[in-house]
Amino acid sequence: MKYQAPKGVSEYFPPRSSWFEHVIWKLEESALAANYRFIETPIFEDTELFARGVGETTDVVTKEMYTFEDRGGRSITLRPEGTAGVIRSIIENGLDRGQLPVKVFYSGPFFRAERPQAGRYRQFFQFGIEAVGVDDPALDAEVISVAHLAFQKLGLTDYQIQINSLGDKESRNIHREDLLSFIRKANFDQETIDRAEKNPLRIFDDKRGEVQEKIKNAPLLSQFLSSESKIKFEQVKSNLDKLQIPYLVNERLVRGLDYYTGTTFEFVHNRLGAQATICGGGRYDGLMETLGGQALSGIGFGLGIDRTLLAMESEGIELKDRQYVDIYIIPISDTAKNLALEMAVNCRRGGFVADVAFGNRGLKGSMKAADKMATHFVLVLGDDELSSGSGRLKRMSDGEEFSVSLTSLVDELRAIL
RNA sequence: GUGGGCGUAGCUCAGCUGGUAGAGCACCCGGUUGUGGUCCGGGAUGUCGCGGGUUCGACCCCCGUCGCUCACCCCA
């Protein structure tokens, strides 16, 4: 094979591509139902935006970005996540100077230069929403509810929502020192310590058993939360209760991006491999300011479309191919060929899905083709039809035939479909 | 960056302790002249990832290489 797709990218082609479309549509539907508006930002941005926004010490920034120089010598990076670009756009276009909160959703490809594995790709598709400018626990709950509703529309059931509060800056700083000294005393290997020095919270995410054992008694952030943070977190939880959205408080839940503060959450699917987080997000208090905007809080989530599809498949959710053909026209003489496409185009103008048996497969072969592509009606065009000006529409579901006039085919279709 | 597994027809895979390749599905044609789904018959398809070595002989053994895949770190 001469060419193959670059390592670690996912491709969606028929029929699976129609499930992919379906997932995106349900996600959009859920966001629109909550009055989020569509935003489309560039796939590449100034490298500095991500470095500042996502955080200089994060793995994403230090080793996972696709960065290159453009012809003008500027450093450009393919977006590794969605929030930084959206916030940049909100600031640049002054959306935060109108009514608040600004509620937007986005969808598209993202890029990270990592070693691929199940559910993790170098180019992956993410859907996300952001609500900027209002710091209200009810909004935190709403954001979670949007993802939850979407997953329910898709038929997913075997997942859990984990939530935690990372508190405000002050609470975090005190905890950080305490946790760091705990880690320093626990004699870890050098690599683990180095990582912890950058962001000690990450140690909670370490999957190695011996590490988990050692941090069993590590000080948790929840013990350091300011009373204000605690109250907000309680409100988020009681809001979720009222919405009857089940969740699990996971005090060790941390996220790999530096901008998160306050409420954080993850939707974790139970039947996926190591990469089981199908949606993750949280509140970010300092991000707007960091990127040069007003000091406004925001909250949002990123939702993995590839992983969602995998999750649906793991639950055995039946995904039907949505493509169908209303009318399939089979010309069986040379003179009929010219007319066939013309009639098909007319049907399309009339709002129907119409296709033609191109090439020379013969009648039988064309009938088989019609059968395979979920065709409602077939019209055979031969010399008889051309001379009489009428034909028989065959309904594939039961074989019944309807005689129709060729010149008023669209109307006839409307009448029987 | 580190470690494990795997590379045989379009797809999923079989191939016993080494004797130069098979199944199912899919695909195409046919079962008489212009009507599909089932059934029956027939057919095409592989440099057995690539390179080297051992051997009379390698898909099967050894080495290298490339690719895929899963996992670690981390994330959607």
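Here is how names work: the chains are called A, B, and so on, in the same order as the sequence lines, proteins then strands, and each is numbered from 1. The structure presented is a predicted model; accordingly, all values stated were derived computationally and were not measured.
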Check every strand shown and say whether [X] touches a base, only sugar-phosphate, or nothing at a heavy-atom separation below 4.0 Å.
X: A:Ile305; result: nothing
X: A:Gly273; result: sugar-phosphate
X: A:Lys63; result: base
X: A:Gly119; result: base
X: A:Tyr121; result: base

- [ ] Classify the side chain of A:Glu385 versus the base of B:G34 as yes if they form a donor-acceptor pair under 3.5 Å and no if they do not.
- [x] yes
TODO: Would you kindly check whether a donor in the side chain of A:Arg115 faces an acceptor in the base of B:C73, or vice versa, at under 3.5 angstrom?
DONE: no
Round to a whole Å and report the spacing from [atom1] of [X] to [atom2] of [N].
X: A:Glu81; N: B:A76; atom1: CD; atom2: P; answer: 8 Å
X: A:Met65; N: B:C74; atom1: CE; atom2: C1'; answer: 15 Å
X: A:Phe204; N: B:C73; atom1: CZ; atom2: P; answer: 15 Å
X: A:Asp384; N: B:U33; atom1: CG; atom2: P; answer: 15 Å
X: A:Arg120; N: B:A76; atom1: CZ; atom2: P; answer: 11 Å

Nucleotide nearest [X] (side chain, heavy atoms from C-beta), chosen from [options]:
X: A:Leu363; options: B:C74, B:C72, B:U35; answer: B:U35
X: A:Lys368; options: B:C68, B:U35, B:G36; answer: B:G36
X: A:Arg361; options: B:C74, B:C68, B:C28; answer: B:C28
X: A:Gln275; options: B:A76, B:C72, B:C68; answer: B:C72
X: A:Arg392; options: B:U35, B:G36, B:A76; answer: B:U35
X: A:Arg307; options: B:A71, B:A76, B:U35; answer: B:A76
X: A:Ala118; options: B:A76, B:A71, B:U35; answer: B:A71
X: A:Ala274; options: B:G67, B:G34, B:A71; answer: B:A71

Can you check whether [X] has a side-chain N or O nearer than 4.0 Å to OP1 or OP2 of [N]?
X: A:Gln117; N: B:C70; result: no
X: A:Arg395; N: B:G36; result: no
X: A:Arg255; N: B:C74; result: no
X: A:Lys364; N: B:C29; result: no
X: A:Lys372; N: B:G37; result: no

Open item on the list: Which label fits A:Phe301 and A:Phe127: parallel for a plane angle under 30°, tilted from 30 to 60°, or perpendicular past 60°?
Closed with: tilted
- [ ] Tell which nucleotide pairs with B:U2, taking only Watson-Crick or G-U wobble pairs whose two distances are both under 3.5 angstrom.
- [x] B:A71
Task: Residue pair A:Arg172 / A:Gly167: nearest heavy atoms and the distance that separates them - done: CD-O, 4.2 Å
Open item on the list: So if I apply the side-chain hydrogen bond (donor to acceptor under 3.5 Å, both in side chains) rule between A:Tyr159 and each of A:Glu315, A:His148, A:His269, which one comes out positive?
Closed with: A:His148
Task: Whether A:Phe110 stacks on the six-membered ring of B:A76 base, 5.5 Å and 30° limits - done: no
TODO: Verify, without hydrogens or angle tests, whether A:Thr375 (side chain) and A:Asp371 (backbone) share a donor-acceptor contact under 3.5 angstrom.
DONE: no
TODO: Go through the steps to decide whether A:Asp135 and A:Lys232 satisfy the test salt bridge (charged side-chain N to carboxylate O under 4.0 Å, His left out), and finish with yes or no.
DONE: CA-CA 10 Å; A:Asp135 187 3; A:Lys232 279 185 186 167; 2.8 Å; yes
Task: Pairwise distance CD(A:Glu401) to CZ(A:Phe377) - rounded to 0.5 angstrom - done: 11.0 Å
Open item on the list: Please tell me whether A:Gln323 and A:Ser18 have a donor and an acceptor in their side chains that are separated by less than 3.5 angstrom.
Closed with: no
